[in-house]
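As structure tokens, the structure follows; a few thoughts come after it.
Within every chain, numbering begins at 1; the chains are lettered A, B, ... in the order of the sequence lines, protein sequences first and strands thereafter. From a predicted model like this one, the values you see are computed outputs, not experimental measurements.
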Protein chains: 2
Amino acid sequence: MTGKGNPTSLYARGESLQRATAILGKKWHPLLLYTLLTEGPQGFNDMKSRVDGISDKVLSDALEDLQDAGLVVRDVVEDKPVRVNYSLTAAGEDLEPIIEGLLEWSHEHLGEDG
Amino acid sequence: MTGKGNPTSLYARGESLQRATAILGKKWHPLLLYTLLTEGPQGFNDMKSRVDGISDKVLSDALEDLQDAGLVVRDVVEDKPVRVNYSLTAAGEDLEPIIEGLLEWSHEHLGEDG
DNA sequence: CAGTATCCAAATAGATACTG
DNA sequence: CAGTATCTATTTGGATACTG
């Protein structure tokens with residue numbers, strides 16, 4: 001019980017929590033981050049083929065969002081054809097234990113299969 | 001690197017992740033859980049006054065959703081007026097380390113204030 | 001290969017008023 | 001105290017087609 005009896009700090013924590021879950025709560029974001037964590041830096045189509053069911057537009061939007069949030073970096077390799085590489089920032093990598101925890105919690109309490 | 005080179009297991013993990021974040025990604029859920037974690041079991045209006053900016057309807061919907069997910073239990077104490085008490089299930093309590101991790105991550109990477 | 005442009009459907013959240 | 005009923009606004013996600 002960390003903040004017992006202190007509504008102000010509860011409020012401040014609420015803002016932090018909401019800023020964090022505004023990212024992890026997007027439908028595809030955790031999975032995209034997890035893909036980068038486990039499969040390493042990769043291109044647009046690599047991610048698309050690994051993340052089952054995502055469309056071009058949604059993947060594009062999601063990656064942009066993750067860049068804006070500072071979790072992912074995009075770098076363009078000027079070849080022909082152009083290659084683009086997505087990888088995690090330190091902030092993105094620091095989510096690993098949280099994502100693993102989520103996975104474990106999900107298995108324990110929501111079951112292995114849907 | 002746990003699932004390297006195995007798209008099938010990555011896919012299975014994706015489903016687990018999405019079931020977990022379908023809960024934690026709702027705007028108010030993590031904060032409601034955190035309130036129950038730090039302030040203990042409490043009534044509807046207690047939660048409402050602690051969670052800044054939430055409306056009756058949204059709180060009501062959220063609590064129902066958390067019950068359906070098996071994270072929160074609601075019990076009615078038949079007094080006059082009726083008292084209702086919300087508390088966490090074991091599954092709800094097991095989210096504590098994850099929520100703390102999220103909070104810590106948020107402070108480190110998103111800053112203390114907005 | 002790596003996306004954009006449109007257009008559309010569904011899901012969430014919020015304001016306001018009312019109830020036992 | 002503990003909600004429900006409406007109605008609306010906003011945010012996401014998705015299908016399809018096209019581009020350098």
Rounded to whole Å, please give me the gap between [atom1] in [X] and [atom2] in [N].
X: A:L66; N: D:dT12; atom1: CG; atom2: P; answer: 13 Å
X: A:K48; N: D:dG14; atom1: NZ; atom2: P; answer: 13 Å
X: A:N85; N: C:dC1; atom1: CG; atom2: C1'; answer: 13 Å
X: A:D52; N: D:dG14; atom1: CG; atom2: C1'; answer: 15 Å
X: A:L59; N: C:dC1; atom1: CG; atom2: P; answer: 13 Å
X: B:Y86; N: D:dA2; atom1: OH; atom2: P; answer: 8 Å
X: B:Q42; N: D:dC1; atom1: CD; atom2: P; answer: 13 Å
X: B:L32; N: D:dA2; atom1: CG; atom2: C1'; answer: 15 Å

Selection: residues 74-82 of chain B, any non-hydrogen atom under 4.0 Å of DNA chain D
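Output list: B:R74, B:V82.
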Stems where DNA chain D pairs, listed by first number, each of three or more Watson-Crick or G-U pairs under 3.5 Å:
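Output for stems: C:1-20 with D:1-20.
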Write out all pairs satisfying side-chain hydrogen bond (donor to acceptor under 3.5 Å, both in side chains) with one or both partners inside residues 75-92 of chain B, taking only residues at least two apart or from two chains.
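Qualifying pairs: B:R74-B:Y86.
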In chain order, what residues pass the side-chain hydrogen bond (donor to acceptor under 3.5 Å, both in side chains) check against A:S16, with sequence neighbours excluded?
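By the side-chain hydrogen bond (donor to acceptor under 3.5 Å, both in side chains) rule, A:S16 matches A:R19, B:H107.
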Please list, pair by pair, any protein nitrogen or oxygen found under 3.5 Å from a nitrogen or oxygen in nucleotides 12-19 of chain C.
{"residue": "C:dA13", "atom": "OP1", "partner": "B:K27", "partner atom": "N", "Å": "2.6"}
{"residue": "C:dG14", "atom": "OP1", "partner": "B:K27", "partner atom": "NZ", "Å": "2.6"}
{"residue": "C:dG14", "atom": "OP2", "partner": "B:W28", "partner atom": "NE1", "Å": "2.7"}
{"residue": "C:dG14", "atom": "O6", "partner": "B:K57", "partner atom": "NZ", "Å": "2.6"}

Qualifying salt bridge (Lys or Arg N to Asp or Glu O under 4.0 Å) pairs with a residue from residues 63-72 of chain B, counting only residues at least two apart or across chains:
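Qualifying pairs, neighbours excluded: B:K26-B:D65.
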Compare all side-chain heavy atoms of [X] with those of [Y] and state whether any distance is below 4.5 angstrom.
X: A:L95; Y: A:L37; value: no
X: B:V77; Y: B:V82; value: no
X: A:L24; Y: B:W105; value: no
X: B:L63; Y: B:L59; value: yes
X: B:L71; Y: B:L88; value: no

Please set out all donor-acceptor pairs under 3.5 angstrom arising from side-chain atoms of residues 40-47 of chain B, sequence neighbours excluded.
{"residue": "B:Q42", "atom": "OE1", "partner": "B:R50", "partner atom": "NH1", "Å": "2.5"}
{"residue": "B:Q42", "atom": "NE2", "partner": "B:T35", "partner atom": "O", "Å": "3.4"}
{"residue": "B:Q42", "atom": "NE2", "partner": "B:G40", "partner atom": "O", "Å": "2.8"}
{"residue": "B:D46", "atom": "OD2", "partner": "B:G43", "partner atom": "N", "Å": "2.9"}

Please enumerate all residues that pass salt bridge (Lys or Arg N to Asp or Glu O under 4.0 Å) together with B:D52, with sequence neighbours excluded.
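If we apply the salt bridge (Lys or Arg N to Asp or Glu O under 4.0 Å) test to B:D52, skipping adjacent residues, there are no hits.
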What pairs with A:K57 under salt bridge (Lys or Arg N to Asp or Glu O under 4.0 Å), at least two apart in sequence or on another chain?
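So A:K57 forms a salt bridge (Lys or Arg N to Asp or Glu O under 4.0 Å) with A:D61.
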Please determine, for the side chain of B:R83, which listed nucleotide (D:dT4, C:dA2, D:dC1) has the closest atom?
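Nearest to the side-chain atoms of B:R83, counting from C-beta on, is D:dC1.
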